[in-house]
Amino acid sequence: QLQLVQSGGGLVQSGGSLRLSCAGSGFTLDTYAIAWFRQAPGKDREGVSCIRSDGSAIDYNHSGQGQFTVSRDIAKNTAYLQMDSLKPEDTAVYYCAARHNFCTPRYPDYNSWGQGTQVTVSS
């Protein structure tokens, strides 16, 4: 059974950094893509970034190019989202999600999700 367990997140001041983790079980990261989404109150869930099964990354956060960096540790079967230069508008619940091989920015394309973690950026 495929499972994703998230950790990290919390409260940070504007301009600060956070790292989120997404530990997988029941599958291996070299055959699955891991995407990061976020959902702010009253808004749709939006794609942030994704790392493909081959290890290449896609940034969906075009408003803050380079602000978020996705990576993974195959040995730990864990993906990470490094978030830098955080702004109050980055406040949201962040989710990781998995699908076989390829990334897509559409959340309905994913059927395995982490539990979500709150990120709050204060001004």
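Nothing fancy with the numbering, it's 1 onward along the sequence. This one's a predicted model, so the numbers in the text were calculated from it and none came from an experiment.
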Any luck finding a side-chain donor-acceptor pair between [X] and [Y] under 3.5 Å?
X	Y	value
Ser49	Asp59	no
Ser53	Asp30	no
Tyr94	Arg38	yes

Arg45 to Trp113 six-membered ring, cation-pi geometry met (6.0 Å, 45°):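 Yes, Arg45 and Trp113 form such a contact.
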Show the numbers, then the answer: is there a side chain to side chain contact (heavy atoms under 4.5 Å, CB included) between Val119 and Met83? CA-CA 10 Å; Val119 171; Met83 304 184 293; 3.8 Å; yes
Path from [X] to [Y] over hydrophobic side-chain contacts below 4.5 Å:
X	Y	answer
Ile51	Val5	no
Leu29	Val70	yes
Leu4	Val93	no
Leu2	Phe102	no

Ignoring hydrogens, what is the shortest heavy-atom contact between [X] and [Y]? Give both atom names and the distance.
X	Y	result
Ala40	Ala92	N-CB, 3.8 Å
Ser123	Pro88	CB-CG, 3.9 Å
Arg72	Asp54	NH2-C, 3.6 Å

When you look at Asp84 and Gln82, which way does the side chain to side chain contact (heavy atoms under 4.5 Å, CB included) test go after all the steps? CA-CA 7 Å; Asp84 298 316; Gln82 177 67 38; 2.9 Å; yes
N/O donor-acceptor pair under 3.5 Å between Asn101 side chain and Tyr32 backbone: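 The answer is no, because no donor-acceptor pair under 3.5 Å joins these two groups.
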Does OH in Tyr107 sit with more than 12 non-hydrogen atoms of other residues, nucleotides or ligands closer than 6.0 Å? no
Taking Leu18 as the fixed residue, which of Val121, Thr117, Leu86, Asp90 is the one that meets the side-chain contact (heavy atoms from CB on, under 4.5 Å) rule?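 Considering Val121, Thr117, Leu86, Asp90, a side-chain contact (heavy atoms from CB on, under 4.5 Å) with Leu18 is found only for Leu86.
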Can you tell me how far apart [atom1] ([X]) and [atom2] ([Y]) are? Round to the nearest 0.5 Å.
X	Y	atom1	atom2	answer
Ser112	Gln1	OG	CD	9.0 Å
Ser21	Asp73	OG	CG	10.0 Å
Gln13	Ser122	CD	OG	5.0 Å
Cys96	Gln6	SG	CD	4.0 Å
Glu89	Lys43	CD	NZ	8.5 Å
Leu20	Thr78	CG	OG1	12.5 Å

Sequence neighbours excluded, every pair satisfying salt bridge (charged side-chain N to carboxylate O under 4.0 Å, His left out) that has a member inside residues 102-123: Arg106-Asp109
Is the Tyr95 to Phe37 ring centre distance short of 6.0 Å? no
Within the 4.5 Å heavy-atom criterion, are Ile58 and Arg52 side-chain neighbours or not? yes
Evaluate Val48 against Tyr60 for side chain to side chain contact (heavy atoms under 4.5 Å, CB included), listing each step before the verdict. CA-CA 5 Å; Val48 173; Tyr60 295 131; 5.8 Å; no
May I have the step-by-step check of side chain to side chain contact (heavy atoms under 4.5 Å, CB included) for Thr104 and Tyr110, ending in yes or no? CA-CA 9 Å; Thr104 131; Tyr110 297 81; 4.1 Å; yes
